[in-house]
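All values reported here derive from a predicted model rather than from experimental measurement.
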Amino acid sequence: MNDIIAYFSTIPSSHRSLILVGGITIFWLIENTFPLFQMQYRKWHHAGINFFLTLTTIIVNFVLAFILIKTASWTTENHFGILQWLPEIPIWLYTIIGLLLLDLIGAYLAHLVQHKIKFLWRFHLIHHTDTWIDTTTANRHHPGESIIRFLFTTAGVLIVGSPMWMVFLYQSLSVVASQFNHANISLPTKLDIFLSYFIVSPNMHKVHHHYVLPYTDSNYGNIFSVWDRLFGTFTTLPKEKLIYGVDTHMAPEEHNKLKNLLQIPFQKSRSIKNS
């Protein structure tokens, strides 16, 4: 455990980039070999759009990273936050608690709020417009949403009181988990169900990408599935019934053109639930 802490305390930016690129590459190869669905689409064109939006996410996080670093340093220096107030416990338990709480605030809560608040939904909608869910969809976020998610992550760091090594560990796990549960991979049904009791499995998250309510408003988790089960937002749907996308933006010129995707938050809302 000490080796993990030491590594993530000084993890180079190149290693963090390698985790991102390596994850996409590995899951890209797996989904091409063992696909959940045989989707007829221009995979490289689709990936190009999602890679561009991934790049904007990287830029946003890079520009704002100093805020996250300052926040983590302040919490540890001033003994502020849930982790700082805990009695002395084993480091492995300390780490699990911290990761769970960061996932609750930085992922689950951020995701839930974006679905419930009209203005925030306009930005998150871009992620849901994808009608060909694969591992590249994981970071298909409008730059505006990237800022929103960053603010929730920073709030999570402040409330949880997590040191910077834990933030880097959480972000690395979050990237890989998102690539995994978005990947168009076919796992044995029993294995997927088993995994879904602990982490967000591919089939579990795919339900969230079904094109109509109430499925769109379920399974908000990213790393851990406990929060959906605890707060009653967990649901299931047979994979044979899945239709990806969002019912208000099913036309290719709406969901498969980068220029329109960037403009969606500023267009007149057509979503019934957000009207």
Side-chain angles (χ1 to χ4, degrees), residues 1 3-5 7-8 10-62 95-96 99 102-103 106-107 111 126-128 130-141 146 149 153 165-209 219-225 239 242 244:
M1 192 68 218
D3 290 339
I4 294 176
I5 293 174
Y7 173 72
F8 281 100
T10 58
I11 183 172
S13 297
S14 59
H15 288 201
R16 299 184 70 201
S17 299
L18 186 60
I19 291 172
L20 173 66
V21 175
I24 290 178
T25 302
I26 291 170
F27 292 123
W28 178 291
L29 293 173
I30 295 174
E31 67 184 14
N32 276 311
T33 307
F34 305 102
L36 178 65
F37 296 118
Q38 294 287 351
M39 298 186 291
Q40 301 301 315
Y41 68 123
R42 295 162 59 196
K43 193 173 178 71
W44 278 105
H45 173 77
H46 171 259
I49 292 174
N50 292 346
F51 287 158
F52 176 85
L53 295 173
T54 298
L55 179 61
T56 63
T57 298
I58 293 172
I59 292 172
V60 167
N61 286 315
F62 179 79
T95 302
I96 290 175
L99 292 175
L102 285 174
D103 191 51
H111 201 170
I126 283 73
H127 182 70
H128 278 272
D130 202 337
T131 58
W132 303 296
I133 305 299
D134 63 20
T135 193
T136 70
T137 307
N139 292 299
R140 179 189 171 107
H141 300 302
S146 297
R149 285 179 172 269
T153 299
W165 66 263
M166 185 180 291
V167 178
F168 283 141
L169 173 59
Y170 163 71
Q171 289 182 326
S172 299
L173 291 174
S174 181
V175 165
V176 175
S178 187
Q179 292 169 344
F180 169 63
N181 57 48
H182 282 90
N184 181 38
I185 58 178
S186 179
L187 294 180
T189 301
K190 290 184 178 179
L191 175 59
D192 193 282
I193 292 174
F194 174 77
L195 290 175
S196 73
Y197 281 100
F198 307 97
I199 62 173
V200 179
S201 66
N203 286 359
M204 175 183 168
H205 189 70
K206 298 302 192 308
V207 174
H208 180 73
H209 281 276
N219 298 5
Y220 295 110
N222 185 39
I223 301 177
F224 303 107
S225 60
K239 60 185 180 182
L242 286 175
Y244 296 141

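- Between the OG1 atom in Thr136 and the NZ atom in Lys43 there is a gap of 6.5 Å [rounded to 0.5 Å].
- The aromatic ring centres of Trp44 and Trp28 sit less than 6.0 Å apart.
- Note that CG of Leu187 and CD1 of Ile30 are 9.0 Å apart. Values are rounded to the nearest 0.5 Å.
- Around atom OH of Tyr41, more than 12 heavy atoms belonging to other residues, nucleotides or ligands sit under 6.0 Å away.
- The 12-atom threshold is exceeded at OH of Tyr7, counting heavy atoms of other residues, nucleotides or ligands nearer than 6.0 Å.
- Within the 3.5 Å criterion, the main-chain N or O of Ser196 finds a donor-acceptor partner in the side chain of Ser225.
- Residues Asn139 and Thr57 have side chains that never bring a donor and an acceptor to within less than 3.5 angstrom of each other.
- In this structure, His45 NE2 and Trp132 CH2 are separated by 7.5 Å, a value rounded to the nearest 0.5 Å.
- We find the CG-CZ distance between Leu242 and Phe37 to be 5.0 Å, quoted to the nearest 0.5 Å.
- In this structure, OH in Tyr244 is found 9.0 Å from OG1 in Thr137, a value given to the nearest 0.5 Å.
- Counting all heavy atoms, side chain and backbone alike, Ala183 lies closest to Lys206 at O-NZ, 2.7 Å.
- Taken to the nearest 0.5 Å, the CD1 atom of Ile223 stands 8.5 Å off from the CG atom of Leu102.
- For the pair His111 (side chain) and Tyr220 (backbone), a donor-acceptor distance under 3.5 Å is present.
- Applying the side-chain hydrogen bond (donor to acceptor under 3.5 Å, both in side chains) rule to pairs touching residues 180-194 yields His127-His182, Ser178-His182, His182-His205, His182-His209, Asp192-Ser201, sequence neighbours excluded.
- At distances below 3.5 Å, not a single donor-acceptor pair connects side-chain atoms of Asn219 with backbone N or O atoms of His208.
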side-chain contact (heavy atoms from CB on, under 4.5 Å) between Phe180 and Val200, intermediate numbers included: CA-CA 9 Å; Phe180 169 63; Val200 179; over 6 Å; no
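- Checked by atom type and distance alone, the side chain of Gln179 pairs as donor or acceptor with a backbone atom of Leu20 at under 3.5 Å.
- One N or O on the side chain of Arg140 and one on the backbone of Ile126 form a donor-acceptor pair closer than 3.5 Å.
- Residues Asp130 and Asn50 meet the side-chain proximity criterion, which asks for heavy atoms closer than 4.5 Å.
- Under the side-chain contact (heavy atoms from CB on, under 4.5 Å) rule, Phe224 has a single partner from Ile96, Leu99, Leu173, which is Leu99.
- The minimum heavy-atom distance linking Asn222 with Ser174 is given by the pair ND2-OG, 2.6 Å.
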Test log, rule side-chain contact (heavy atoms from CB on, under 4.5 Å), inputs Glu31 and Ile185: CA-CA 5 Å; Glu31 67 184 14; Ile185 58 178; 3.7 Å; yes
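- The nearest pair of heavy atoms linking His15 to Ile11 is CB-CG1, 3.8 Å.
- Atom CZ of Phe34 sits in a sparse spot, with 12 or fewer heavy atoms from other residues, nucleotides or ligands closer than 6.0 Å.
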